[in-house]
*Asks:* 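First the structure, then my questions, so here it is.
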Number of protein chains: 2
Amino acid sequence: MLKEERQKYILDQVHLHHRVLLNDLSDSLNVSIDTVRRDVKELDKEKKLKKVHGGATSFGFMTFTKDDGNIYLKSKKISIAEKTVSLLSDGQVILMSGGTTNMEVAKLIPKKLVLTVFTPSLHVAMALLEHENVEVIFLGGKLLHDAKFAVGGTVVNALSQLRVDLCILGTGYLDAEFGLTEFDWEVIQVKQAMIRAAKKTVILTVSDKLHSVQKYKTCDMTAVHTLVTELDPSDPLLDSFRPFELMLV
Amino acid sequence: MLKEERQKYILDQVHLHHRVLLNDLSDSLNVSIDTVRRDVKELDKEKKLKKVHGGATSFGFMTFTKDDGNIYLKSKKISIAEKTVSLLSDGQVILMSGGTTNMEVAKLIPKKLVLTVFTPSLHVAMALLEHENVEVIFLGGKLLHDAKFAVGGTVVNALSQLRVDLCILGTGYLDAEFGLTEFDWEVIQVKQAMIRAAKKTVILTVSDKLHSVQKYKTCDMTAVHTLVTELDPSDPLLDSFRPFELMLV
DNA sequence: AAAAACTTTGCAAGTTTTTGCTGTTTTCGT
DNA sequence: ACGAAAACAGCAAAAACTTGCAAAGTTTTT
């Protein structure tokens with residue numbers, strides 16, 4: 001097993017569970033505890049995670065529901081959210097997934113915009129309820145403890161009975177070749193159902209997550225109609241997505 | 001368990017309840033009181049909380065009035081919540097409605113109690129997700145803007161497919177003659193479905209709401225199995241409920 | 001193609017951190 | 001002021017960490 005693979009696995013685990021034990025890692029990776037220790041030390045130095053006694057945690061693990069510690073990331077997300085909101089129009093019925101970027105969208109929706117929004121995300125639902133003119137319908141199901149996101153058959157089932165105008169997908173890793181990927185199996189089931197239930201799909205991604213691939217695949221790039229990033233649509237970083245029939249915003 | 005996890009839990013508890021007892025922490029975290037003491041001491045040094053004799057409080061505890069503004073009402077509700085939590089046992093499947101009293105229950109559930117909870121309340125769901133051992137299933141539907149509570153056919157329908165051990169109804173006005181009443185038609189539809197879906201029903205009511213009646217009727221007193229108030233079960237204020245076959249707590 | 005230089009990995013010895021336990025001292029409510 | 005509960009200090013075992021080193025594998029140089 002390559003060092004790269006190991007470190008990627010470690011990062012995945014940290015992102016997924018917000019913490020890992022060195023012992024567990026050394027166990028599941030079949031390498032000595034020292035190797036894992038060195039890997040984690042490196043990742044810590046690169047600020048990809050936080051090393052702690054006995055293991056590692058993701059950044060923002062300790063922050064008490066206070067958005068992000070990362071100012072740059074946050075301003076990128078707001079920029080994306082502003083662009084996204086401009087795509088909405090009165091009377092639309094839309095789907096919104098979870099994630100911090102979608103949270104910003106939910107907050108930025110104009111007070112007078114009349115919408116019907118379906119969502120499986122507790123946080124997004126909460127933010128949307130601040131808007132009087134937005135009818136919020138929660139897609140109920142088993143809630144994930146970390147993501148506060150409903151998953152499972154109930155959600156997928158409810159989605160199969162919908163046909164909405166727009167689906168706005170928040171978090172996710174994007175690559176021209178591999179499409180949209182995630183590191184949680186249950187989440188991609190829901191996202192796939194969301195895409196099926198919508199006439200058009202919008203993906204929100206901060207440029208950091210472009211050209212990166214995770215374990216599970218949600219959909220191909222061909223399923224996406226609009227890609228919103230904080231970059232200028234003419235930015236060369238987006239070149240690899242131009243062959244697809246999609247709108248860059 | 002990592003030290004960071006413990007400290008996050010402690011901070012969460014402090015932020016949630018504005019005070020914690022070291023004994024409770026050591027109990028629910030399954031570590032010695034000394035370890036908790038050292039953790040709290042550290043967090044105090046980092047100005048993340050304020051250590052006091054026997055426990056810790058969050059900063060700005062005295063100025064905190066989000067809940068009710070009414071400190072007496074709040075302490076009544078906490079007392080009710082404590083009694084209610086003692087009715088729960090490992091492995092139960094329960095239903096919880098919304099309301100501030102039920103919120104206190106959600107917060108006070110011991111960390112090691114294993115439960116499955118169905119709820120149509122955003123706030124309760126959110127609070128329950130703080131507990132690792134509680135599986136939370138949200139009953140999805142149209143959300144009421146003020147109550148952050150799901151109502152409508154979807155919820156009632158989902159409830160009709162359930163048969164759970166216990167239903168805990170929070171807010172509500174109670175009267176021996178008129179039973180349980182509410183002022184929202186859509187809410188009582190859901191509460192009625194909740195009662196039907198449960199083997200036993202527990203009502204939580206602060207004594208202020210005893211012997212008061214609202215516009216719409218949820219159910220008769222005969223449908224109630226347990227009544228939890230902040231009063232002593234022998235209090236004369238409860239006399240009018242004694243003719244019914246119910247447990248006073 | 002062999003040698004040299006470098007990287008990666010696992011091991012072992014020694015150090016530090018963490019944690020629970022033991023008394024002892026301090027604090028608090030009555 | 002008294003007894004109980006809480007805080008503290010010191011100790012010891014266990015777990016985690018550090019460092020140095022050598023074997024195995026890679027890459028670069030000659």
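Throughout, a chain's letter reflects where its sequence line sits, starting with A, and its residues are numbered from 1.
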*Asks:* Atom CG of B:Asp24 to atom C1' of D:dA6: distance rounded to whole Å?
*Replies:* 14 Å
*Asks:* Would you mind reading off the distance between A:Arg38 atom CZ and D:dG20 atom C1', rounded to a whole angstrom?
*Replies:* 11 Å
*Asks:* Within the 4.0 Å heavy-atom criterion, would you say A:Ile33 contacts the bases, only the backbone, or no part of the nucleic acid?
*Replies:* nothing
*Asks:* Of all heavy-atom pairs between A:Tyr9 and A:Leu25, which one has the smallest distance, and what is that distance?
*Replies:* CE2-CD2, 4.0 Å
*Asks:* For DNA chain D, produce a single dot-bracket line, 5' to 3'. Pairs: Watson-Crick or G-U wobble, both distances under 3.5 Å. Symbols: ( ) within strand, [ ] crossing, | other strand, . unpaired.
*Replies:* ||||||||||||||||||||||||||||||
*Asks:* Would you say the side-chain atoms of A:Lys148 and A:Ser121 include a donor-acceptor pair closer than 3.5 Å?
*Replies:* no
*Asks:* Report the relative orientation of the aromatic rings in A:Tyr216 and A:Trp185; use parallel for angles under 30°, tilted for 30 to 60°, perpendicular for over 60°.
*Replies:* perpendicular
*Asks:* Check this one for me: any side-chain N or O of B:Lys51 less than 4.0 Å away from OP1 or OP2 of D:dA7?
*Replies:* yes
*Asks:* Quick one: B:His53 NE2 to C:dT25 C1', roughly how many Å, whole number?
*Replies:* 12 Å
*Asks:* Do B:His211 and B:Phe241 make the cut of ring centroids closer than 6.0 angstrom?
*Replies:* yes
*Asks:* Which pair of non-hydrogen atoms, one from A:Ile80 and one from A:Thr229, has the smallest distance, and what is that distance?
*Replies:* CG1-C, 3.5 Å
*Asks:* So what does B:Val52 hit on the nucleic acid, given a heavy-atom distance under 4.0 Å: a base, only sugar-phosphate, or nothing?
*Replies:* sugar-phosphate
*Asks:* Rounded to whole angstroms, how far apart are CD on B:Glu4 and C1' on D:dA16?
*Replies:* 13 Å
*Asks:* Give a yes/no on whether any side-chain N or O of A:Thr35 is located under 4.0 angstrom from OP1 or OP2 of C:dG10.
*Replies:* yes
*Asks:* In whole Å, I'd like the distance from the NZ atom of B:Lys3 to the C1' atom of D:dC17.
*Replies:* 14 Å
*Asks:* Please determine, for the side chain of A:Val31, which listed nucleotide (D:dC8, C:dG10, D:dA16) has the closest atom?
*Replies:* C:dG10
*Asks:* Tell me the interatomic distance from A:Asp34, atom CG, to C:dG14, atom P, rounded to whole angstroms.
*Replies:* 17 Å
*Asks:* Taking the side chain of A:Arg6 as its heavy atoms from C-beta onward, which of D:dT18, D:dA16, C:dT9 lies nearest to it?
*Replies:* C:dT9
*Asks:* One pair to check against salt bridge (charged side-chain N to carboxylate O under 4.0 Å, His left out): B:Asp90 and B:Lys112. What are the steps and the verdict?
*Replies:* CA-CA 9 Å; B:Asp90 257 333; B:Lys112 51 189 173 181; over 6 Å; no
*Asks:* What is the distance, rounded to the nearest whole Å, between atom CD of A:Gln7 and atom C1' of C:dT9?
*Replies:* 14 Å
*Asks:* Starting from C1' on D:dT19, measure out to CZ on A:Arg37 and report it in whole angstrom.
*Replies:* 12 Å
*Asks:* Are B:Lys3 and B:Glu42 ion-paired here, with the side-chain N under 4.0 Å from a carboxylate O?
*Replies:* yes
